[in-house]
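In listed order, ligands and their atoms are each counted from 1. Positions are given from 1, in the same order as the sequence printed here.
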Amino acid sequence: MDVVGSRWSARLVGVLLTITTTLSQATDLGFLLHKHPGRVQAFEQSFGTAHVFYPDADESHCTAALLLDVDPVKLVRTRGRGTPDFSLGQYVNDRPYAASSLLASAMANVFRTAMRGRCDQRPELAETPIPLEVVLPALPCRGGPRQAERFFAPLGWDVSAVPVPLDPEFGDWGDSRYVTLTLTGTLRLADALNQLYVLLPVLDDAKHYWMAPDEVDKLIRAGEGWLATHPDRGTITRRYLANRRGLVRTALGRLADAEDATDEALDPVQVEEEPPAAEDGGEQSPPEEQVSLAERRLQAVVQALRDEDARRVIDLGCGSGKLLSRLAQDDFFNEISGTDVSHRALSHAWRRLRWDQRPRSANDRVKDVFQGALTYTDERFRDYEAAVLMEVIEHIDPPRLSAVERVVFEHAKPRVVVVTTPNSEHNVRYEGLAPGAMRHPDHRFEWTRAEFRAWADRVAGAHGYRVRHVPVGDDDPEVGAPTQMGVFTR
Ligand code: SAH
């Protein structure tokens with residue numbers, strides 16, 4: 001692989017990225033990337049051409065290369081208008097300087113399906129971590145090798161970042177701002193691609209690429225499953241969004257909300273301090289992130305349960321177990337359980353609760369954390385004082401919502417039901433969220449306050465409950481709080 005990377009990079013300025021696997025049946029990489037190992041393929045981009053080819057493809061070792069051929073004329077034509085912060089000179093005169101954002105954009109275009117983790121021919125392989133080596137022969141890297149290590153190592157990569165000398169013939173000229181980056185690790189291919197998509201421009205930090213309005217969405221989508229728990233998520237988010245405060249705040253809030261966040265996301269998102277960079281006029285200081293919305297929601301739900309004196313609680317749609325873990329640490333509660341339809345979410349919850357290491361002592365508050373679907377009546381949902389549906393109903397397809405209502409309010413029928421859901425009116429306050437867009441790709445709907453009230457009143461009336469409404473988060477005088485909570489009692 002090294003051979004491949006350096007041999008090609010020496011001759012062609014354009015070889016930017018190679019991905020190698022030593023998976024048995026290594027040529028399955030072709031299925032995962034949706035690009036045939038036997039062909040050289042070219043994909044027209046707005047700025048030139050992206051080529052995909054396999055310098056090496058046999059059963060034990062397979063390398064795919066993505067090569068960008070940047071056409072300065074095309075670049076000028078497509079990027080010249082409406083892109084005020086776009087510095088053409090850098091693109092035209094110093095191609096590799098711009099490589100990272102162009103490379104990310106080509107990846108999104110050429111490997112779109114692979115980045116979504118879809119592979120109809122090898123579905124299980126797309127879900128499985130596989131041995132990978134990624135090589136970028138000349139990666140612009142602000143902060144040098146240490147920064148590359150900081151960003152990639154927490155994701156499970158072995159990182160080798162070797163500074164590229166300004167001129168190999170004149171060693172005492174020192175190093176350029178490029179590194180040769182080699183990442184080795186066992187990861188899902190889709191995760192690897194998404195991490196590169198986000199982190200290459202972030203390492204470059206050139207800030208001259210155009211901030212499209214949907215940039216937050218792109219970041220959240222590509223960051224799924226790794227960014228919310230990355231120790232440098234604040235820095236990564238700020239750099240990715242070119243320090244646009246409103247966008248950064250929105251993105252960090254949504255990251256904290258990401259439901260498949262792993263254990264570490266237990267803590268509210270903190271924005272790391274990064275010293276201002278002198279060379280580009282100084283970065284703005286990071287936005288002061290107060291307590292995240294996710295944290296305020298947890299606190300609001302716990303408070304509602306306390307107010308209703310409900311000590312035996314089941315968390316329906318518990319996700320990664322943030323609430324369960326909070327309740328488990330609180331003496332007020334006697335018996336808590338959680339259920340979710342997603343095995344992936346449950347494995348996070350089990351890990352968070354250290355379910356396998358936990359001594360099954362009699363006074364253990366956590367009774368059960370099990371797989372279950374809210375659309376089917378289940379005896380295990382019964383006999384609790386309270387049920388919580390925190391940010392769950394908006395994930396249910398509307399035609400199935402009435403089944404969930406019956407399962408919860410008619411069959412399980414606890415004394416207290418706490419439901420939280422986004423207030424869609426508040427979405428206009430999220431910079432970077434397109435008008436009418438929802439906060440999360442898996443949301444099936446988001447309700448206004450009136451819509452939630454109408455639903456809650458009808459359900460309460462039909463099943464003998466009363467309901468009170470509680471805003472969660474800053475209650476905006478015009479559009480209300482970001483989260484709405486209904487506390488049902490009977
Ligand atoms: N309550 C958690 C997770 C919210 S995300 C929190 O606030 O952090 C929504 C969760 O609902 C997901 O984990 C999803 O798997 C789960 N879910 C969606 N439909 C479900 C269903 N029909 N049955 C059980 N869980 C469901």
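No hydrogens or angles considered: a donor-acceptor pair under 3.5 Å links the side chains of Asn109 and Gln45. Between Gln303 and Gln299, the side chains place no donor N or O within less than 3.5 Å of an acceptor N or O (distance only, hydrogens not considered). Counted by atom type alone, Asn427 and Glu446 present one or more donor-acceptor pairs between their side chains at under 3.5 Å.
No N or O atom of Ala345 sits closer than 3.5 Å to an N or O atom of ligand 1. Between Ile396 and ligand 1, a contact under 3.5 Å exists for no N or O pair. At a 3.5 angstrom cut-off on N or O pairs, Gly317 counts as close to ligand 1. Looking at Leu374 next to ligand 1, an N or O pair under 3.5 Å apart turns up.
Note that Arg122 lies in the cation-pi zone of Phe31, set by a 6.0 Å cut-off to the ring centre and a 45° limit from the axis.
Using a 4.0 Å cut-off between charged nitrogen and carboxylate oxygen, Arg188 and Glu127 count as a salt-bridge pair. A salt bridge is defined here as a Lys NZ or Arg NE, NH1 or NH2 lying under 4.0 Å from an Asp or Glu carboxylate O, and Arg221 with Asp214 fails to meet this definition. Salt-bridge annotation for Lys322 and Glu295: absent, with no side-chain N of the basic residue lying under 4.0 Å from a carboxylate O of the acidic one.
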>> What verdict does the side-chain hydrogen bond (donor to acceptor under 3.5 Å, both in side chains) test give for Thr448 and Glu451, after you've listed the backbone C-alpha separation in whole Å, the side-chain angles of each residue and the deciding distance to 0.1 Å?
In response: CA-CA 5 Å; Thr448 61; Glu451 284 168 326; 3.2 Å; yes
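For Cys318, every heavy-atom contact with ligand 1 shorter than 4.0 Å involves the backbone, none the side chain. Counting heavy atoms under 4.0 Å from ligand 1, residue Lys322 touches it through the side chain alone.
How far OH of Tyr430 is from CZ of Arg439: 4.0 Å, rounded to the nearest 0.5 Å.
Those atoms of ligand 1 with a heavy atom of Ser342 less than 4.0 angstrom away are 15 (O). Near Gly372, meaning under 4.0 Å from any of its heavy atoms, are these atoms of ligand 1: 23 (N), 24 (C). Atom numbering of ligand 1 starts at 1 in the shown order; those under 4.0 Å from a heavy atom of Gly319 are 3 (C), 13 (O). Ligand 1 places these atoms under 4.0 Å from at least one heavy atom of Ala373: 23 (N).
Residue Ser320 places every heavy atom at 4.0 Å or more from ligand 1.
Ranked by closest heavy atom to atom 4 (C) of ligand 1, the top entry among Glu394, His443, His440, Glu391 is Glu391. Nearest to atom 17 (N) of ligand 1 by heavy-atom distance, out of Val341, Asp378, Leu346, is Val341.
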